[in-house]
Amino acid sequence: MNNEAAPKYARLAEEWVRHAPEKAPEWANGLEFEAIRSKTLAALYRAWAREDRQGAFEALDRIDQGAAAERSLFGGMVDEVLNQNTGASKILKRG
């Protein structure tokens with residue numbers, strides 16, 4: 001699998017959000033390749049924010065940010081949600 005697959009996974013993430021948003025992060029986190037996983041998670045939270053911004057914020061709030069890589073990914077996902085014009089004051093960017 002290569003980075004050319006990332007857009008396909010991003011579109012698939014959008015479908016997961018439409019049909020089962022609460023299960024979408026588990027699916028995306030299970031992707032084997034980190035580069036694909038990161039891009040897919042970013043697309044997932046961007047799509048989720050369009051569909052249900054409060055649900056996206058709540059899901060982001062449940063993320064465990066133990067490792068530095070996870071904190072970086074979390075920051076990117078928060079940016080994706082905030083860039084959807086979702087009321088930045090309602091979430092504190094952890095880090």
Inset, instruction - Assess whether side-chain contact (heavy atoms from CB on, under 4.5 Å) is satisfied between E14 and R50, documenting all intermediate values. - result: CA-CA 10 Å; E14 291 172 358; R50 283 192 304 261; 3.7 Å; yes

Inset, instruction - In sequence, state the C-alpha distance, the side-chain angles, and the governing distance for W27 and Y9, and then conclude on side-chain contact (heavy atoms from CB on, under 4.5 Å). - result: CA-CA 11 Å; W27 164 76; Y9 278 89; 3.9 Å; yes

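Inter-residue side-chain proximity for R37 and E32 is flagged as unmet; no heavy-atom pair is nearer than 4.5 Å. Two residues are said to be in side-chain contact when any heavy atoms from C-beta on lie closer than 4.5 Å; L44 and P25 meet this criterion. Counting only heavy atoms from C-beta outward, the side chains of Y45 and V17 never approach each other to under 4.5 Å.
Heavy atoms only, all atoms of each residue included: L41 and A28 are closest at CD2-CB, 3.5 Å. A pairwise comparison of heavy atoms in A10 and T40 identifies N-OG1, 4.3 Å as the closest pair. Across all non-hydrogen atoms, the minimal contact from K23 to W16 is CB-CZ3, 3.7 Å. Scanning all heavy atoms of the two residues, the minimum distance from A56 to W48 falls at N-NE1, 3.7 Å.
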